[in-house]
2 protein chains.
Amino acid sequence: MDEADRAVDRLFQALADATRRDMLRRCVRGELSVSRLAAAYPMSFAAVQKHVTVLERAGLVTKERRGREQLVRTDPGAVARARQALDALESAWRARVDRMSGLLSEDDDGPDACGGPAHARERKGPDG
Amino acid sequence: MDEADRAVDRLFQALADATRRDMLRRCVRGELSVSRLAAAYPMSFAAVQKHVTVLERAGLVTKERRGREQLVRTDPGAVARARQALDALESAWRARVDRMSGLLSEDDDGPDACGGPAHARERKGPDG
DNA sequence: CCCATCTACAACCATTTGGTTGTACGTTAC
DNA sequence: GTAACGTACAACCAAATGGTTGTAGATGGG
């Protein structure tokens with residue numbers, strides 16, 4: 001297993017925890033110090049520190065010092081990278097659908113194509 | 001943490017292992033029996049069985065009996081669900097970009113202060 | 001029937017994970 | 001300078017994870 005695989009491991013692993021996903025949502029609304037972040041959760045400061053470390057190793061957030069505080073902010077390219085990892089899986093799925101549609105019909109992408117996510121790459125913005 | 005959160009946990013957790021991602025790629029190219037799948041990896045049959053169980057609990061694959069074999073196939077909607085989970089994070093990021101355009105220096109003391117979704121106070125574990 | 005194959009599952013083990021507490025260190029405020 | 005704050009990190013613990021082996025139940029072919 002090469003480093004790229006391990007990076008994807010860390011990425012999905014970091015996302016596989018509701019607390020960390022919530023941290024991302026909070027940091028995405030504006031950078032927060034680790035202390036301020038920790039105040040939002042019913043766990044010790046050290047536990048929050050560890051979560052932040054996991055997010056950082058996954059490349060989802062970066063830390064920057066400001067005085068005695070450490071500001072946590074989301075990495076703009078992070079979600080894009082997660083999305084890319086999913087794309088890799090999805091493209092394999094599309095290849096299969098492609099083979100099926102070739103056999104079944106030529107003007108339809110298959111039964112899954114109605115609302116299917118295969119190439120629905122359009123972003124669904126929160127307010128349009 | 002509600003069941004939806006736990007479902008997302010299971011989904012990303014299942015994706016956070018290179019072996020399981022490879023299994024998905026293989027099954028996406030055509031359903032495979034667990035034995036045939038197991039033959040592709042340098043680990044015991046039981047280990048592969050466990051991986052398939054993880055993928056199944058995450059809703060990424062389904063199993064179907066054919067004779068004495070158990071065919072594993074990807075769930076067409078699975079990757080779509082993963083993408084949806086990422087979309088939720090991405091929309092938050094877009095919202096932040098949106099706010100930066102307006103640029104108001106509001107004190108981000110709590111989620112209620114800025115009208116955002118307040119869902120961070122809940123945690124796993126009784127009180128520990 | 002008997003045997004080979006495919007699957008299911010339990011028991012066990014090592015490592016990782018998610019949490020705790022305690023301690024030490026740099027920075028800011030008084 | 002000292003106290004308070006914010007952070008870093010180590011030691012420890014319970015539970016989950018990823019692997020093993022072993023055993024037992026179905027299913028299909030000779």
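Here the structure is a predicted model, which means the values were calculated and not measured. Note on naming: letters A, B, ... go to the chains in the order of the sequence lines (proteins, then strands), and numbering restarts at 1 for each one.
Considering only residues two or more places apart in sequence or on other chains, A:Arg65 meets the salt bridge (Lys or Arg N to Asp or Glu O under 4.0 Å) condition with none of them.
A straight line from CZ of A:Arg68 to C1' of D:dA8 spans 16 Å, rounded to a whole angstrom. In this structure, the CG atom of A:Asp17 is 6 Å from the P atom of C:dG18, given to the nearest Å. One can place CD of A:Glu56 at 14 Å from C1' of D:dC9, the figure rounded to the nearest angstrom. Rounded to an integer number of Å, the gap from A:Arg66 CZ to C:dT28 P is 11 Å. Between the CG atom of B:Leu71 and the P atom of D:dT27 there is a distance of 15 Å, rounded to whole Å. For B:Arg10 and D:dT17, the CZ to C1' distance is 16 Å, given to the nearest whole Å. Between the CE atom of B:Met1 and the P atom of C:dG19 there is a distance of 10 Å, rounded to whole Å. One can place CZ of A:Arg36 at 11 Å from P of D:dT7, the figure rounded to the nearest angstrom.
Using a 4.0 Å cut-off between charged side-chain N and carboxylate O, A:Arg10 and A:Glu3 make a salt bridge. The pair A:Asp17-A:Arg21 does not count as a salt bridge, with every side-chain nitrogen at least 4.0 angstrom from each carboxylate oxygen.
Looking at heavy atoms from C-beta onward, A:Glu69 lies out of side-chain contact with A:Arg36 at the 4.5 angstrom threshold. Side chains of B:Leu60 and B:Leu24 form a contact here, defined as non-hydrogen atoms less than 4.5 Å apart. Looking at heavy atoms from C-beta onward, A:Thr19 lies out of side-chain contact with B:Met1 at the 4.5 angstrom threshold.
Across all strands, A:Arg20 comes closer than 4.0 Å only to sugar-phosphate atoms, never to a base (heavy-atom distances). Nucleic acid contact class of B:Ser33 (heavy atoms, under 4.0 Å, all strands): sugar-phosphate only.
An OP1 or OP2 oxygen of C:dT17 is reached within less than 4.0 angstrom by no side-chain nitrogen or oxygen of A:Gln13.
Cluster annotation: A:Val54 and A:Phe45 are assigned to distinct hydrophobic clusters (Ile/Leu/Val/Met/Phe/Trp/Tyr, side-chain heavy-atom contacts under 4.5 Å, transitive).
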(request) In sequence, state the C-alpha distance, the side-chain angles, and the governing distance for A:Asp87 and A:Arg83, and then conclude on salt bridge (charged side-chain N to carboxylate O under 4.0 Å, His left out). (result) CA-CA 6 Å; A:Asp87 281 343; A:Arg83 185 172 282 276; 5.8 Å; no

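Residues from residues 57-64 of chain A lying near DNA chain C, meaning a heavy-atom separation below 4.0 Å, are absent. Across residues 37-52 of chain B, B:Met43, B:Ser44, B:Ala46, B:Ala47, B:Lys50, B:His51 each have a non-hydrogen atom less than 4.0 Å from an atom of DNA chain D (numbered order).
Shown are A:Arg81, A:Arg57, A:Arg6; of these, the side chain to side chain contact (heavy atoms under 4.5 Å, CB included) with A:Leu11 is made only by A:Arg81.
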